[in-house]
Amino acid sequence: MKLQERNDQELVHLYLAGHEQGLEELIQRHKSKIYTSIYLLVKDQYLAEDIFQDTFIKVINTLKAGKYNEEGKFLPWVIRIAHNLVIDHFRKEKRTPVVTTGDGYDIFEVLHFYDESMEDRMVREQTHKELKAMIHLLPPEQKEVLLMRHYGDLSFKEIADITNVSINTALGRMRYALNNLRKMMQTKELSLKN
Amino acid sequence: MIKTSTPVTNLPAHDNFHPGNATDESLGEADQQFFQLLKKDLNEIATQPANSTIEKLLRYSRSLK
């Protein structure tokens, strides 16, 4: 069976049996979701790289020590580790996140959009730039719920557990995040394409 | 400056709500639809770490053997 066809749990078992490809596939499979979740919280490409690296060092150490709890799903577990490291970072820095102009690179920028006109492409890029700026403007607790729900595919219960709030609160924060984004888009006359 | 709002109450504004089973549907129809539209753009703004970071991690893992 190809590595790409194996589920996360099988890849973990493969890795624990001494096959490094198991870990490589897990990282390749989830790197974008995990890195983006970190990057949109810390707003700094280099800091996001460091936290991504520290996250997987913890993952590797826990797996190698045989301490991974197989009852949980792999991605939510890694997102939880990343989230805790982001919190640790802000605690150490004793500051709230500051909006910077530094940007990561978009995955899709490296792809070619042959069927897209120059004008469409410029509009799309502008929309993405605005969207990132709007996400940065969300209160941190709303932003983390939105990012965990979308990129981490975490349930509201899992998000509630990670952030130490009730499910109602997690759900409420998500609704406010969406409402705030919608309001900001209306203010900027920005619309999402179907 | 765009002002964002924070929840005064966290109770969803619709009936038949069961917190333990909360899904995107629990958000209500309007928010759910907006989130569906937003997902495409959220995917498109996704970024990824440098290859060198991943190579470092794989080297670290191999070094633990």
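The chains referred to below are lettered A, B, ... by the order of the sequence lines, with proteins before strands, and numbering in each begins at 1.
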S.K.: Test side-chain contact (heavy atoms from CB on, under 4.5 Å) on B:Asp31 and A:Tyr176 and set out the steps.
M.R.: CA-CA 9 Å; B:Asp31 285 339; A:Tyr176 273 88; over 6 Å; no
S.K.: At a heavy-atom separation under 4.5 Å, does A:Ile38 approach chain B through its side chain, its backbone, both, or neither?
M.R.: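 The answer is neither part of A:Ile38.
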S.K.: Should we count NZ of A:Lys64 as having more than 12 external heavy atoms under 6.0 Å?
M.R.: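 More than 12 heavy atoms, drawn from other residues, nucleotides or ligands, come within 6.0 Å of this atom.
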S.K.: Are the side chains of B:Leu57 and A:Val59 in touch, meaning some heavy atoms are under 4.5 Å apart?
M.R.: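 When only atoms from C-beta onward are counted, A:Val59 and B:Leu57 do not touch, as no gap falls below 4.5 Å.
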S.K.: Other residues, nucleotides and ligands only: do more than 12 of their heavy atoms fall within 6.0 Å of CD on B:Glu29?
M.R.: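 Not buried by this count: 12 neighbours or fewer within 6.0 Å.
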S.K.: Is there a side-chain contact between B:Ser61 and A:Tyr15 (heavy atoms, below 4.5 Å)?
M.R.: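 Side chain of B:Ser61 against side chain of A:Tyr15, heavy atoms only: contact under 4.5 Å found.
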S.K.: For B:Leu42, is there any backbone N or O sitting under 3.5 Å from a side-chain donor or acceptor partner on A:Tyr151?
M.R.: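 Yes; at least one donor-acceptor contact below 3.5 Å.
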S.K.: May I ask whether A:Tyr68 and A:Ile81 are part of the same hydrophobic cluster, defined by side-chain heavy atoms of I, L, V, M, F, W, Y residues being less than 4.5 angstrom apart, directly or through others?
M.R.: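 Same cluster: A:Tyr68 reaches A:Ile81 through Ile, Leu, Val, Met, Phe, Trp or Tyr contacts under 4.5 Å.
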S.K.: List the steps, then state whether side-chain contact (heavy atoms from CB on, under 4.5 Å) holds for B:Gln48 with A:Phe52.
M.R.: CA-CA 10 Å; B:Gln48 51 185 321; A:Phe52 178 88; over 6 Å; no
S.K.: Answer whether the closest heavy-atom distance between the side chains of B:Asn43 and A:His150 falls below 4.5 Å.
M.R.: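 Of all side-chain heavy-atom pairs linking A:His150 with B:Asn43, at least one is under 4.5 Å.
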S.K.: As an exercise, state the distance from CZ of A:Arg182 to CD of B:Gln33, rounded to the nearest 0.5 Å.
M.R.: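 A:Arg182 CZ to B:Gln33 CD: 9.0 Å, rounded to 0.5 Å.
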S.K.: Tell me, side chain or backbone of A:Leu147 under 4.5 Å from chain B's heavy atoms, or both, or neither?
M.R.: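 Contact with chain B: none, neither part.
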S.K.: Before giving the answer on side-chain contact (heavy atoms from CB on, under 4.5 Å), spell out for B:Glu44 and A:Leu131 the whole-Å C-alpha distance, their side-chain angles and the decisive distance to 0.1 Å.
M.R.: CA-CA 10 Å; B:Glu44 290 183 5; A:Leu131 180 60; over 6 Å; no
S.K.: What part of A:Asn61 gets closer than 4.5 Å to chain B, counting heavy atoms only: side chain, backbone, both or neither?
M.R.: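 Side chain only.
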S.K.: Tell me whether A:Val12 is reachable from B:Tyr60 by hopping between hydrophobic residues (I, L, V, M, F, W, Y) whose side-chain heavy atoms are closer than 4.5 Å.
M.R.: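 In one cluster with B:Tyr60: A:Val12, yes.
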S.K.: side-chain contact (heavy atoms from CB on, under 4.5 Å) for B:Asp41 and A:Lys132? Distances and angles first, verdict last.
M.R.: CA-CA 10 Å; B:Asp41 286 85; A:Lys132 281 185 208 171; over 6 Å; no
S.K.: Keeping A:Glu49 on the side-chain end and B:Ala50 on the backbone end, is there a donor-acceptor pair under 3.5 Å?
M.R.: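 Yes; judged by distance alone, with no hydrogens or angles, the pair exists.
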S.K.: Between A:Ile57, A:Leu181, A:Ile34, who has the most heavy-atom pairs with chain B when the cutoff is under 4.5 Å?
M.R.: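 Most heavy-atom pairs within the cutoff with chain B belong to A:Ile57.
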S.K.: I'd like to know if A:Phe56 and A:Ile87 are part of one continuous hydrophobic network [Ile/Leu/Val/Met/Phe/Trp/Tyr, side-chain heavy atoms within less than 4.5 Å].
M.R.: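 Cluster IDs for A:Ile87 and A:Phe56 differ.
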S.K.: Working to the nearest 0.5 angstrom, can you tell me the gap between A:Leu146 CG and B:Phe35 CZ?
M.R.: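 Between A:Leu146 CG and B:Phe35 CZ, I get 6.0 Å after rounding to 0.5 Å.
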S.K.: Between A:Ser32 (side chain only) and B:Ala46 (backbone N and O only), is there a donor and an acceptor less than 3.5 Å apart?
M.R.: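 Side chain of A:Ser32 to backbone of B:Ala46, a donor-acceptor pair under 3.5 Å: no, none is there.
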S.K.: Test of understanding: clusters of I, L, V, M, F, W, Y form through side-chain heavy atoms closer than 4.5 Å, transitively. Do A:Leu85 and A:Ile27 belong to the same one?
M.R.: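 Looking at the clustering, A:Ile27 is in the same group as A:Leu85.
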S.K.: Should A:Asp50 and B:Thr53 count as side-chain neighbours, where that means a heavy-atom distance under 4.5 Å?
M.R.: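 With C-beta onward as the side chain, the pair stays apart.
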S.K.: In terms of hydrophobic clustering (I, L, V, M, F, W, Y; side-chain heavy atoms under 4.5 Å; direct or indirect links), are B:Ile54 and A:Tyr46 co-clustered?
M.R.: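 Each belongs to a different hydrophobic cluster.
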S.K.: Please classify the contact of A:Lys31 with chain B as side chain, backbone, both or neither, using a heavy-atom distance under 4.5 Å.
M.R.: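 For A:Lys31, heavy atoms of backbone and side chain both lie under 4.5 Å from chain B.
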S.K.: Using a 4.5 Å cut-off on heavy atoms from C-beta on, say whether the side chain of B:Ile45 contacts that of A:Lys129.
M.R.: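 A side-chain contact under 4.5 Å is absent here.
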S.K.: Would you mind checking which part of A:Leu178 comes under 4.5 Å of any heavy atom in chain B, side chain (CB onward), backbone (N, CA, C, O), both or neither?
M.R.: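 Contact with chain B is through both the backbone and side chain of A:Leu178.
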